[in-house]
Amino acid sequence: MNRNYNFAYLDESSKREIRRAILNAIAIPGFQVPFGSRELPIGRGWGTGGIQITLSIILPDDTLKVIDQGSDDSVNAVSIKRFISECTGVGMTTDSETASVIQSRHRIPEIPLRSDQILVLQVPEPEPLKLVEGSEVEARRMHAEKDYNLMWLRLFEDLVQFDEIVAAAGYPVMVNGRYLTNPSPIPRYDVPKLNMSETLCLFGAGREKKIYAIPPYTRVEALSFEDVPFAVESFGDHYCCKCGAKGVFLDESYNEKTGEKYYQCSDTGYCNGRRAAGNRADIVCK
Amino acid sequence: MSVNRLTVRYGTGCSDCENGIGLQKNRCPKCGTIWALRDAAFSLYQGEVLGVVGESGSGKSTMMKCICFDESPTLGEYTVHTGGGNAFQLSRQSQKQFRNERMGMVYQNPMLGLKMDYSVTSNIAENLIASNCKNVSHLRARVTELLEIVEISPFRMKEKPKYFSGGMQQRVQIAKAIANNPQILLLDEVTTGLDLSVQAKVLDVIKKIIREFNVAVILVSHDLAVIKMLADRTVVMLDGEIIERGLTDQVMEDPQHPYTQQLVHSLL
């Protein structure tokens, strides 16, 4: 652990300020609270929002898990882990069960999280209305008036043009029946996990300088029309070629030589856990 | 519906111009205040068409903007039905809800009334969605019905209005405006800038709608022929004030105010 810095890199007053924003965000589920995004030795847009939240809430006896698109060992996850470990000395894990703080980019772990855990999500664009309204002033007015007709219109336009809603990641959700919220670019598959979840979910956007939260046991509803229900991605009969898991979120890959398509668990921590318990697929990934 | 003492002024106003003393057209030379609209008042019944004529800058559009809550007036009362409160004092949300559910507006410039990057279907369904209809098959059915009324081929439902001709854009706007069976329909210079045959088609559609739906229409135009054809009653505006009012025929045949006389005589 590097002693040249304060515990968790940020100075105490910065951490207090960010915690204050987090408390505000929890008090108004789904509302984007502006905060003074601090400088970090990582470029804006590389997960600085999530990192600042993690650094502000982490304690010496916490165990941290960092995921990047489900993977524990991709560049973003490894760099963040190394940085946080250097300036806090907390324990690291790849197991979602034992982690007390989970920082994630674009995925929610496969196993259900518990109430003694905190999920921190990195958000590139916190404003769900950005897609339909370019002006932030106007978007804030729309939030204040709960005027989300433009978003509904956008979804309807998808139905007109493509007969289905094409938003794959960051599907707009209503939090607690009040604020339209961007659940960060998690796949649709993960959206139902936010509804009435036991875990506190914190969202940090470092570049856009916003923090928002979905507190435990909060209603989260994906926008959907009466006769076109919200549907998550389906992988049919495919299963993970490593651990044989079915009904989980799968990544699709190709064998470069044969062009053969195969699938494997997006959540590597989950996949490794299953394999350690002796689960194997009857085919082998090439 | 009725509107009373509707006033819009840009500027602080002073003791002189508030009493109408020393105004040059609608501008006060002393304090620089512009009176875009001054004490305008009219009432309108279901199934009636009110024509509004006047030169440019006379306050026609300002009046329309106030009525559809695009602009908030300095002063004024707006009652939608007898016994109802002043609609100008409602909250922004209520005003919007009222506009979405019970008003239709057709703008002179289709760019204002339509979302050019959304399909015709979405454009027409916009007010329906806003007034809480979230059933896709119902929305589609209603849009098909409306397209038939305004005589647009259902094959073009998925296209964007930016690829449509001016006359068709206006008809899409009309379809959008009547989607909710509104009580009040505001038509702002709907035929201006269209060639005569297209004008005739748009006017036919409007006539059909007025006949079929029991709707109160305010029709702003500087084309007296259009007013003559459609309006039951007419008000004439000049420099922010209503200077003459009456049955359309009466105003056209026997104008009292010098400006109206000039206007009617300039008709070819």
Side-chain angles (χ1 to χ4, degrees), chain A residues 28 30-31 128-167 171-181 188 191 195 219-231, chain B residues 69-70 72 90-103 105 112-144 146-147 152 154-164 172 175-176 179-180:
Chain A
I28 319 172
F31 175 72
L129 296 171
K130 193 76 168 191
L131 202 67
V132 291
E133 176 55 66
S135 150
E136 193 178 331
V137 175
E138 192 62 16
R140 282 199 207 184
R141 190 194 54 68
M142 287 158 74
H143 278 299
E145 293 176 0
K146 204 183 167 188
D147 173 6
Y148 298 133
N149 295 331
L150 274 179
M151 196 41 134
W152 282 104
L153 195 65
R154 178 79 249 170
L155 299 180
F156 183 69
E157 174 73 9
D158 274 2
L159 290 172
V160 170
Q161 300 290 359
F162 313 112
D163 285 325
E164 61 175 340
I165 295 171
V166 290
Y171 194 96
V173 293
M174 276 302 257
V175 174
N176 203 23
R178 176 61 184 87
Y179 282 102
L180 188 72
T181 304
R188 285 192 200 194
V191 170
N195 186 28
R219 267 188 300 132
V220 176
E221 295 142 344
L223 295 192
S224 60
F225 288 91
E226 281 165 15
D227 48 347
V228 185
F230 171 76
Chain B
F69 305 114
D70 274 349
S72 43
L90 291 173
S91 67
R92 260 190 74 106
Q93 283 107 310
S94 316
Q95 288 184 343
K96 264 192 183 166
Q97 193 188 357
F98 182 78
R99 182 170 65 182
N100 288 334
E101 290 175 8
R102 297 202 257 159
M103 250 186 209
M105 171 92 185
L112 291 174
L114 297 176
K115 294 192 165 45
M116 290 299 176
D117 288 326
Y118 285 73
S119 65
V120 170
T121 310
S122 298
N123 267 298
I124 296 175
E126 189 181 354
N127 287 356
L128 291 167
I129 294 174
S131 40
N132 228 359
C133 172
K134 299 282 153 65
N135 189 315
V136 177
S137 44
H138 176 82
L139 287 168
R140 282 178 198 252
R142 179 75 181 131
V143 169
T144 320
L146 287 161
L147 284 176
I152 290 177
F155 299 116
R156 308 197 66 174
M157 273 175 89
K158 283 190 181 182
E159 281 179 41
K160 294 171 181 174
K162 65 178 169 192
Y163 303 124
F164 278 18
V172 173
K176 179 183 174 179
N180 264 331

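We name chains A, B, ... by the order of the sequence lines, and we start the count at 1 in each one. In what follows, every heavy atom counts, from backbone to side chain, and hydrogens, waters and symmetry copies are set aside. As the structure is a prediction and not an experimental result, all values here were calculated from the model.
Distance CG/A/Asp227 to NE2/B/His138: 10.5 Å, rounded to 0.5 Å. To the nearest 0.5 Å, the span separating CD on B/Glu126 from CG on A/Asn149 amounts to 7.5 Å. In this structure, the separation between CD on A/Glu145 and OG on B/Ser91 is 8.5 Å, given to the nearest 0.5 Å. With rounding to the nearest 0.5 Å, the separation of CZ in A/Phe225 from SG in B/Cys133 is 9.0 Å. In this structure, OG1 on B/Thr121 lies 11.0 Å from CG on A/Leu159, to the nearest 0.5 angstrom. For the atom pair OG of B/Ser119 and CZ of A/Phe156, the computed distance is 7.0 Å after rounding to the nearest 0.5 Å.
In terms of modelled atom types and a separation under 3.5 Å, the side chain of B/Asn135 and the main chain of A/Glu226 share no donor-acceptor contact.
Using a 4.5 Å cut-off between heavy atoms, B/Asn132 does not touch chain A at all.
Looking only at side-chain heavy atoms (C-beta outward), B/Lys158 and A/Val160 come within less than 4.5 Å of each other. Within the 4.5 Å cutoff, no side-chain heavy atoms of A/Glu157 are placed close to those of B/Lys115.
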